Amino acid sequence: MIVQSYSDEYAAQVHELINEFYKESLEEYGIKFDQKVLENTIEEMKKQCTGLNYTGGFLAIIDGKVIG
């Protein structure tokens with residue numbers, strides 16, 4: 001496993017992982033999934049995990065696939 005800071009190289013995989021998490025966790029509580037909330041969450045994550053304001057977001061990667 002590789003652990004590294006966020007990179008746009010994995011943007012599509014990160015989007016998919018967050019999408020799955022939101023759908024599963026919200027459905028568990030009977031809350032309707034809102035795609036716009038997901039998009040805002042991803043944009044905020046990118047702001048926090050890149051540049052001078054880096055706050056410690058990491059990706060766990062196994063065999064080139066983001067798993068966490």
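Remember, predicted model here, so these are calculated numbers, not experimental data.
Partners of Ile18 according to the side-chain contact (heavy atoms from CB on, under 4.5 Å) rule, which considers only residues two or more places apart in sequence or in another chain, are Val14, Tyr22, Leu38, Ile42, Met45. Looking at residues two or more places apart in sequence or on another chain, you find a side-chain contact (heavy atoms from CB on, under 4.5 Å) between Leu17 and Val66.
Looking at every heavy atom in both residues, Gln13 comes nearest to Lys65 through OE1-CA, 3.1 Å.
Here the straight-line distance linking atom CG of Leu59 with atom CD of Glu9 works out to 9.5 Å at 0.5 Å rounding.
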